[in-house]
Amino acid sequence: MTGTMNAILKTAPGPGNLAFSTRPIPQIGPQDILVRVKAAALCGTDLHIKHWNEWAALRMQPPVIIGHELAGEVVEIGSEVRHVNVGDRVSSESHIACNRCEICREGNRHVCPHTKAIGVHRDGCFAEYISIPEEIAFVYPNASLPWEQLALMEPFGVVVHGMLEYPLLARTVAIIGAGPLGTMGILIAKQAGASRIIVLEPNHLRAQEALALGADVVVDPSSEDPVAAVKKLTGGYGVHIAVDFSGSIPALSAAVNYVRPEGQLVCVALPSRPFTFDLAEFSYRGCVLKGIAGRRMYENWEQMRGLLAGGLDLSPVISHTLPLAEYETGMNLMEQGACLKCILIP
Ligand SMILES: [Zn+2]
Ligand SMILES: [Zn+2]
């Protein structure tokens, strides 16, 4: 396909330097597909790119079209594409692993050190069209799932990875932070049969929403000691599993103390700097600290399909839908913590 399209471009290194601009429609290689983007979601990573933090500066070489959470319709396929067809409804993994290194060959493509990410290393989805390798496309034939929800598969996948890494059935789970990812975590814990869902969240509106979606109790760590509160709710033992979606150092420092013996602390969000905790005490209780990166390719994608088929509804996670040109409005809402997921429609 030829012609031009609207896109949000990181035009140059440094803070800011984002522009709603016109770019050529991407050309596809033999193993690629061209997707007409129907919906895309804003993510914290896009803010890191806007502000040009160290993470972004190390990885990006602008000009690059940003955005990595998408849903769309396939409009063109390369000559060697075998499993995706024109007209398919797709979402996309954002990580392209090398498939050749030892880590990939050990079955751990989600942590391949040679990963290239869309919207970071190569052009992303805040555009009318995106070219992606067939390998990372996830075909979702069920037309009853709206484009806006299909655009959430990438972040939903990292939550599924974190939540289903250890069993939830009949176990007490703490979900730290009830933003968009924590909210997805509550929905998964509910569906996966957690015996009790304790949410830690200081924002009153988010706390109310968490209770409405299935949390059994919300602890406000700004008004009570979270360790004492969680222990009191669990007979003094602590939770079986805590999953952090906040990246907050005080929240993590508390969580290492309220995970029960032989329990697990799973970290989905990233703290912005190193911090210390008592590893000897943590270790003496037999606890596990597990980091979560990306989505297991493609086990987590199949688990997402299964959860959706089982009735999990992601609509409560979407708070705003905006035209692509109004991306700045969405970014401002995110910075104020005034939204859950913001969807952009190109
Ligand atoms: Zn993201
Ligand atoms: Zn690799």
Side-chain angles (χ1 to χ4, degrees), residues 8 10 18 31 37 39-51 53 55-56 59-60 64-72 91-127 130 132-133 135-136 138 148-163 177 179-185 244-247 267-270 272 291-301 304 314 317-320 322 324 327 330-331 333-335 337 339-344:
I8 300 170
K10 180 77 179 181
L18 288 176
Q31 296 175 350
V37 180
L42 277 166
C43 169
T45 300
D46 303 315
L47 291 181
H48 295 327
I49 292 170
K50 174 185 169 185
H51 296 303
N53 71 354
W55 180 92
R59 289 165 176 80
M60 275 189 107
V64 176
I65 298 170
I66 66 168
H68 58 273
E69 302 178 1
L70 74 125
S91 184
S92 172
E93 170 58 51
S94 60
H95 293 166
I96 304 168
C98 80
N99 287 328
R100 284 185 293 272
C101 74
E102 279 188 35
I103 307 300
C104 283
R105 290 161 66 92
E106 284 167 352
N108 293 314
R109 284 185 283 186
H110 60 296
V111 281
C112 167
H114 311 293
T115 294
K116 298 284 177 252
I118 64 174
V120 179
H121 301 98
R122 55 183 275 159
D123 279 340
C125 65
F126 290 167
I130 182 174
I132 55 171
E135 173 191 315
I136 64 167
F138 170 78
E148 290 83 351
Q149 289 183 43
L150 194 55
L152 296 181
M153 292 303 111
E154 196 259 14
F156 183 42
V158 76
V159 182
V160 166
H161 187 181
M163 293 300 298
L181 299 192
T183 300
M184 293 183 196
D244 180 62
F245 296 100
S246 74
C267 297
V268 177
L270 303 176
S272 56
I292 295 293
R295 295 140 298 280
R296 289 190 178 276
M297 292 177 237
Y298 290 89
E299 175 188 350
N300 291 145
W301 286 88
M304 279 188 262
L314 286 172
V317 182
I318 299 170
S319 61
H320 295 77
L322 301 164
L324 183 64
Y327 69 99
M331 286 185 163
L333 286 165
M334 286 179 72
E335 289 183 309
C339 60
L340 289 175
K341 271 293 192 182
C342 279
I343 303 289
L344 300 174

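Positions are given from 1 along the sequence. Atom set for the values below is all heavy atoms of this structure, side chains included, hydrogens, waters and symmetry mates excluded. Each ligand, and each atom within it, is numbered from 1 in the order the structure gives.
Considering only heavy atoms from C-beta on, Leu314 comes within 4.5 Å of Met153 through its side chain. With contacts defined as side-chain heavy-atom distances shorter than 4.5 Å, the pair Leu322/Leu42 does not qualify.
Around the Zn ion (ligand 2), the protein contributes the following N, O or S atoms under 2.8 Å, ordered by chain and number: Cys98 SG, Cys101 SG, Cys104 SG, Cys112 SG. Taking distances strictly below 2.8 Å, the protein N/O/S atoms close to the Zn ion (ligand 1) are Cys43 SG, His68 NE2, Glu69 OE2.
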Intermediate values then yes/no, side-chain contact (heavy atoms from CB on, under 4.5 Å), Val64 and Val120:
CA-CA 7 Å; Val64 176; Val120 179; over 6 Å; no

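Pairs of residues two or more places apart, or lying in two chains, that qualify as salt bridge (charged side-chain N to carboxylate O under 4.0 Å, His left out) and include a residue from residues 151-162 are Glu154-Arg295.
Salt-bridge formation is detected for the pair Lys50/Glu335: a Lys NZ or Arg NE/NH1/NH2 atom is positioned less than 4.0 Å from an Asp or Glu carboxylate oxygen.
Applying the 6.0 Å contact sphere to CD of Glu106 captures more than 12 heavy atoms from other residues, nucleotides or ligands. Summarising the local packing, CZ of Arg105 is surrounded by 12 or fewer heavy atoms from other residues, nucleotides or ligands at distances under 6.0 Å.
Not counting sequence neighbours, the partners of His110 by the ring-ring contact (aromatic ring centres under 6.0 Å, His included) test are His161.
Minimum heavy-atom separation, Thr115 to Ala97: OG1-CA, 4.3 Å.
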